[in-house]
Amino acid sequence: MDWFYLIVSGILEIGFTTCLRFTKSLSDIGWFAGLLVCMVTSISLIQLATRSIPMGTAYAVWTALGAAGTVVFGMIAFHEPVSAMRLVFISGIVLCVIGLKLCGN
């Protein structure tokens, strides 16, 4: 269950950064509320996940999901640049996290 919490937490990081993109001021209450909900829930879930997952591994997975997911989401939803090198480096982030998981035991 802790891995599920960690994955959902990483996905919420994508929601956090997306809300951040649209929050121009505190008057954008809907986007700001979404930002806060994603942030608080994400932090709460990673805290639960670290009960059984080593903190370093959990943090690496969390940041990788957030970073790679945000880049891919930006490419799809916001038509941000797609290039072979961007895809190579995103793959590198994911492969490094998989490597941490495999050698962490």
Side-chain angles (χ1 to χ4, degrees):
M1 193 68 181
D2 291 331
W3 279 99
F4 174 77
Y5 293 148
L6 182 57
I7 290 167
V8 172
S9 177
I11 292 169
L12 285 168
E13 287 296 293
I14 301 167
F16 156 67
T17 55
T18 301
C19 290
L20 185 62
R21 175 185 176 116
F22 293 109
T23 303
K24 295 178 181 41
S25 69
L26 293 179
S27 64
D28 295 330
I29 194 71
W31 289 110
F32 188 71
L35 180 140
L36 289 177
V37 167
C38 287
M39 284 176 60
V40 169
T41 307
S42 180
I43 294 294
S44 299
L45 290 174
I46 194 172
Q47 183 272 328
L48 290 174
T50 58
R51 294 181 302 185
S52 68
I53 301 169
M55 184 176 56
T57 301
Y59 184 71
V61 170
W62 183 63
T63 56
L65 281 172
T70 299
V71 171
V72 171
F73 186 75
M75 289 176 179
I76 294 167
F78 304 119
H79 308 292
E80 292 177 357
V82 179
S83 69
M85 290 309 294
R86 286 187 90 190
L87 296 175
V88 165
F89 290 124
I90 292 168
S91 299
I93 291 171
V94 173
L95 290 172
C96 287
V97 169
I98 291 170
L100 276 174
K101 170 63 178 134
L102 293 175
C103 71
N105 294 337

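Both Leu20 and Met39 are members of a single hydrophobic cluster when ILVMFWY side chains are connected at heavy-atom separations under 4.5 Å. In the hydrophobic clustering of this structure, Ile43 groups with Ile7; members are Ile, Leu, Val, Met, Phe, Trp, Tyr whose side-chain heavy atoms approach within less than 4.5 Å, directly or through other members. A single hydrophobic cluster is seen to contain both Val82 and Ile76, as judged by linkage of ILVMFWY side chains at heavy-atom distances under 4.5 Å, directly or through other members. When hydrophobic clusters are built by joining Ile, Leu, Val, Met, Phe, Trp and Tyr residues whose side-chain heavy atoms come closer than 4.5 Å, directly or via intermediates, Leu12 is grouped together with Phe4.
Side-chain contact between Val94 and Val97 is absent, with no heavy-atom pair separated by less than 4.5 Å.
Closest heavy-atom contact between Ser42 and Glu13: OG-OE2, 2.9 Å. The minimum heavy-atom distance linking Ala58 with Ile46 is given by the pair O-CD1, 4.0 Å. In plain terms, the two heavy atoms of Gly34 and Cys19 that are nearest each other are C-SG, 3.6 Å.
Remark: Phe89 CZ to Ser83 OG distance equals 9.0 Å, nearest 0.5 Å. Distance OG1/Thr23 to CZ/Phe16: 9.0 Å, rounded to 0.5 Å. With rounding to the nearest 0.5 Å, the separation of CH2 in Trp31 from CG in Leu35 is 10.5 Å. Taken from CH2 in Trp3 to OG in Ser52, the straight-line distance is 8.5 Å, to the nearest 0.5 Å. Between the CG atom in Leu95 and the CG atom in Leu100 there is a gap of 11.5 Å [rounded to 0.5 Å]. Separating the CD atom in Glu80 from the CZ atom in Arg86 is a distance of 6.0 Å, to the nearest 0.5 Å.
Between the side chain of Thr41 and the main chain of Cys38, no donor-acceptor pair closer than 3.5 Å is present. Within the 3.5 Å criterion, the main-chain N or O of Gly66 finds a donor-acceptor partner in the side chain of Thr70.
Shown here is Phe22, whose CZ atom has more than 12 heavy atoms of other residues, nucleotides or ligands within 6.0 Å.
Phe73 is linked by a ring-ring contact (aromatic ring centres under 6.0 Å, His included) to Phe78, counting only residues two or more places apart in sequence or in another chain.
Under the side-chain contact (heavy atoms from CB on, under 4.5 Å) rule, Leu6 has a single partner from Thr50, Leu65, Ile11, Ile53, which is Ile53.
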